[in-house]
S.K.: 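Quick one: this structure, given as structure tokens, is what I'll be asking you about.
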Amino acid sequence: MAHARRFVSLLVVTGLAGAAMVAGPGAGAEQTGPVVATQDAYVISTATRTTYDTTELRVRSTAAQKLQGFLRFDVRGVPAAATSLRATLRLSVSPASQSGRVEVRTSGSFSERTVTWANRPGASAVQGSVVVTPGGTVELDAGQVSGAGVRSFALTAPAGQGAQLRFASSEDPDPARRPALTVTWTPPGPPVSDRLVPREGAWWGSYPGQAAGDVEAREAVYGRQVDILHRYHDWNDTWPTAEEQGYAAQGRILFEGWESRVFGGATSCWADIAAGAYDAAIDAQAERLADFGSRLFVGFMHEPEDNLGPCQPGAVNDAKADMGSAEEFKAAWRHIVERVRPVAPNVVWVLSFMGHDPAGSWALYPGDDVVDWVAWDPYNWANCAGRASDSWRSLQQVAQPMYAQLDAVGNTKPRMLGEFGSHDDPAMGSKQQWLRVIPAMLRTAMPKVRAVVYFDRVATPVPGDPCAWLADSSPQAQAGFAAAGADLYLNQPHN
């Protein structure tokens, strides 16, 4: 009969402990372990204040008496970005055990010195179970684990099972018989995918304007270099420019917007682009992108919702001139991507919606095969640009409708806020807080958003009623922007 006591000295058995990475079960899998339990004990419902820390663990479950075992392991050697983590528990059955079924559950923390039935930790649903026979060794699926660190488990018996099952504990004299845990996982992928998706977190970017020195001046305000540098180009521009190539060489990811208009000049009809009227220009741009070599984001005609309607090719200097129907836009997008992609596979294609009317925006989606990322442009207008009736809204509030639309249609592309920003009006709300909470909001509410690009250029869409978009529209706003940009979630490795 095992010996009962309230307290014992701590005994950690090393035995097989340690993180040994070897080939795991399944293609590409790895494992750590087997790792021996560092602490274990069992408790009894009829001795509610007694701790049983002996050479055995016991389980039983009848109406009159229940026995439960608890084990703790210190798991090491699992990479932080590993996926598909799963634990397997190995138990040695005592020759004196009866036959029956044992269950394993994840549990809360405990100490083998003090755990009793009265203070035992809570346990999850059954993760795995197996039938045991005296003197054998069994392995149980212990369920998913979250990574390296201390992991605790409970051993139970199915309700009504009167057989008392007995297993070797970490105090067993034979190291080979002690409980051991093995964790298998899928190794993490590269820090950045071939479609420029960070393995963790999100990219932090901005549109700082395109005048000489804008990038350096705005990054001085941010207190860091941006991950994504956003620029826009006319239909007949030559890009990436030498300046942009220099910024890319310093570690920034370019995001180039290719507009189907000439700023200060005429528009191009989407139907004409789709029909091949501009193939020479498209082919020349494809060659320039191929020569650039590095991966970069490119989007064709951001916010196309603003330009829907019978094309006005003669319209001059009109940002809202109509360029065609939704079907014509989709055909133009597809034509450009299918023509550029074989020449410049380094281009990652970003479709940028306005997103004000999520269902209307989605009607312009040209298909998964020609889109790599989906972006939209949420703003907190809050009583600027003539929008006197707009209330103060958080970034989550303005971004959520389009996020939900993408979920509803089952779109699995990585998501980007291709432009976003907030007016600064202390009487309505705190822009500092609006900016500061961005990393936490992305982590918890919008984890599928993998890049955010702040619109950081002076703009006066309504004369005399400008929106204070700038990151440093006030010292408080600048502090909030800097705090967000310093968060680890928005500081991901580029290679």
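All heavy atoms count here, side chains included; hydrogens, waters and symmetry mates do not.
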S.K.: Knowing that exactly one of Trp203, Trp258, Trp349, Trp373 qualifies, which makes a ring-ring contact (aromatic ring centres under 6.0 Å, His included) with Phe297?
M.R.: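 One option only clears the test, and that one is Trp373.
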S.K.: So do Ser361 and Gln405 actually touch side chain to side chain, heavy atoms under 4.5 Å?
M.R.: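 Not in contact.
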S.K.: Using ring-ring contact (aromatic ring centres under 6.0 Å, His included), reason through Phe153 and Phe70 one step at a time and then give a plain yes or no.
M.R.: CA-CA 6 Å; Phe153 298 89; Phe70 291 93; over 10 Å; no
S.K.: Do Asp369 and Arg334 meet the salt-bridge criterion of a basic N to acidic O distance under 4.0 Å?
M.R.: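 Here Arg334 pairs with Asp369 in a salt bridge, since their nearest N and O are under 4.0 Å apart.
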S.K.: I'd like to know whether CD of Gln144 has more than 12 heavy-atom contacts from other residues, nucleotides or ligands below 6.0 angstrom.
M.R.: no
S.K.: May I ask you to say whether Asp74 pairs ionically with Arg151, meaning some side-chain N is under 4.0 Å from a carboxylate O?
M.R.: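 Between Arg151 and Asp74 there is no salt bridge, as every charged N stays at least 4.0 Å from the carboxylate O atoms.
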S.K.: To check you understand the geometry: which heavy-atom pair defines the closest contact between Leu490 and Ala484, and what is its length?
M.R.: CD1-O, 3.4 Å
S.K.: Judged by atom type as modelled, is there a donor-acceptor pair below 3.5 Å linking the side chain of Arg120 to the main-chain atoms of Trp117?
M.R.: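 Judged by distance alone, yes, a pair lies under 3.5 Å.
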S.K.: Any sub-3.5 Å donor-acceptor pair from Asn380's side-chain atoms to Ser422's backbone N or O?
M.R.: no
S.K.: Could you go through the ring-ring contact (aromatic ring centres under 6.0 Å, His included) check for Trp469 and Trp381 one step at a time?
M.R.: CA-CA 9 Å; Trp469 300 130; Trp381 292 93; 5.1 Å; yes
S.K.: Which residues pass the side-chain contact (heavy atoms from CB on, under 4.5 Å) test with Glu244, sequence neighbours left out?
M.R.: Arg231, His233, Trp239, Pro240, Thr241, Leu254, Glu256
S.K.: Please check if the side chain of Gln312 supplies one atom and the backbone of Asp322 the other of a donor-acceptor pair under 3.5 Å.
M.R.: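 Confirmed, Gln312 side chain pairs with Asp322 backbone.
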S.K.: So does Asp425 pair up with Lys431, basic N to acidic O under 4.0 Å?
M.R.: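 Not counted as a salt bridge, because no side-chain N and carboxylate O are separated by less than 4.0 Å.
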S.K.: Would Leu296 and Val348 count as a side-chain contact (heavy atoms from CB on, under 4.5 Å) here? Give the steps.
M.R.: CA-CA 6 Å; Leu296 77 165; Val348 178; over 6 Å; no
S.K.: For side-chain contact (heavy atoms from CB on, under 4.5 Å), just list the numbers for Tyr454 and Leu435, CA-CA rounded to whole Å, side-chain angles, deciding distance to a tenth of an Å, and then say yes or no.
M.R.: CA-CA 10 Å; Tyr454 194 78; Leu435 295 164; 3.9 Å; yes
S.K.: Does the Trp434 side chain pair with the main chain of Arg393, one donor and one acceptor, at a distance under 3.5 Å?
M.R.: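 Side chain of Trp434 to backbone of Arg393, a donor-acceptor pair under 3.5 Å: yes, one is there.
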S.K.: What verdict does the salt bridge (Lys or Arg N to Asp or Glu O under 4.0 Å) test give for Arg415 and Asp407, after you've listed the backbone C-alpha separation in whole Å, the side-chain angles of each residue and the deciding distance to 0.1 Å?
M.R.: CA-CA 11 Å; Arg415 301 174 189 178; Asp407 281 348; 2.9 Å; yes
S.K.: If the plane angle is over 60° it's perpendicular, under 30° parallel, otherwise tilted; pick one for Trp333 and Phe329.
M.R.: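 If you compare the ring of Trp333 with that of Phe329, the planes turn out tilted.
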S.K.: For the backbone of Ser474 and the side chain of Asp472, can you confirm whether one donor and one acceptor N or O come within less than 3.5 Å of each other?
M.R.: no
S.K.: Using the salt bridge (charged side-chain N to carboxylate O under 4.0 Å, His left out) criterion, which residues pair with Lys330? Sequence neighbours excluded.
M.R.: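 Residues passing salt bridge (charged side-chain N to carboxylate O under 4.0 Å, His left out) with Lys330: Glu327.
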S.K.: Please determine whether ring-ring contact (aromatic ring centres under 6.0 Å, His included) holds for the pair Trp376 and His302, giving the CA-CA distance in whole Å, both sets of side-chain angles, and the decisive distance to 0.1 Å.
M.R.: CA-CA 9 Å; Trp376 67 105; His302 88 295; over 10 Å; no
S.K.: Taking all heavy atoms of Ser152 and all of Arg72, pick out the closest pair and write down the distance.
M.R.: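 The answer is OG-CG, 3.6 Å.
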S.K.: Could you check whether any side-chain N or O of Asn346 sits under 3.5 Å from a backbone N or O of Leu289, counting only pairs where one atom can act as donor and the other as acceptor?
M.R.: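 A pair under 3.5 Å: yes.
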S.K.: What is the minimum heavy-atom distance between Pro366 and Val371, and which atoms define it?
M.R.: CG-CG2, 3.8 Å
S.K.: Does Asn307 reach the main-chain N or O of Ala321 with its side chain, forming a donor-acceptor pair under 3.5 Å?
M.R.: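 Present.
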S.K.: Hey, mind stepping through Asp237 and Tyr232 against side-chain hydrogen bond (donor to acceptor under 3.5 Å, both in side chains) and telling me if it holds?
M.R.: CA-CA 10 Å; Asp237 275 358; Tyr232 291 99; over 6 Å; no
S.K.: Using the side chain to side chain contact (heavy atoms under 4.5 Å, CB included) rule, pick out the option among Thr83, Val145, Leu85 that qualifies with Trp185.
M.R.: Leu85
S.K.: Salt bridge or not for Arg261 and Asp234, using N-O below 4.0 Å?
M.R.: no
S.K.: Step by step, would you call Leu229 with Val215 a side-chain contact (heavy atoms from CB on, under 4.5 Å)?
M.R.: CA-CA 8 Å; Leu229 174 60; Val215 173; 3.8 Å; yes
S.K.: Dump the intermediate steps for side-chain hydrogen bond (donor to acceptor under 3.5 Å, both in side chains) on Gln68 and Thr156, then the final yes or no.
M.R.: CA-CA 5 Å; Gln68 294 181 0; Thr156 61; over 6 Å; no
S.K.: Look at the side chain of Asp465 and the backbone N and O of Gly386, then say whether any donor-acceptor pair between them is shorter than 3.5 Å.
M.R.: yes
S.K.: Tell me the closest heavy-atom pair linking Met428 and Asp390, and the distance in Å.
M.R.: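 Shortest heavy-atom separation between Met428 and Asp390 comes out as CE-O, 3.4 Å.
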S.K.: Charged N to carboxylate O below 4.0 Å: is that the case for Arg295 and Asp372?
M.R.: no
S.K.: Run the numbers on Met416 and Phe255 for side-chain contact (heavy atoms from CB on, under 4.5 Å), then give the verdict.
M.R.: CA-CA 11 Å; Met416 177 189 298; Phe255 178 13; 3.5 Å; yes
S.K.: Of the options Arg224, Arg252, Gln225, which is the one that meets Glu219 in a side-chain hydrogen bond (donor to acceptor under 3.5 Å, both in side chains)?
M.R.: Arg252
S.K.: Would you confirm whether Asp456, through its side chain, and Arg218, through its main-chain N or O, come within 3.5 Å as a donor-acceptor pair?
M.R.: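 Flag not set: sc Asp456 to bb Arg218 has no pair under 3.5 Å.
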S.K.: Is it the case that the side chain of Gln433 and the backbone of Ser430 share a donor-acceptor pair, with hydrogens and angles ignored and the cut-off at 3.5 Å?
M.R.: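 No, because the side chain of Gln433 does not come within donor-acceptor range (under 3.5 Å) of the backbone of Ser430.
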S.K.: Out of curiosity, Asp227 CG to Leu196 CG, how far, rounded to the nearest 0.5 Å?
M.R.: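 Answer for the CG-CG pair, Asp227 versus Leu196, is 11.0 Å.
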S.K.: Which donor-acceptor pairs under 3.5 Å do the side chains of residues 271-281 make with protein atoms, sequence neighbours left out?
M.R.:
unit_1: Asp279; atom_1: OD1; unit_2: His335; atom_2: NE2; d: 2.7
unit_1: Asp279; atom_1: OD2; unit_2: Arg339; atom_2: NH1; d: 3.4

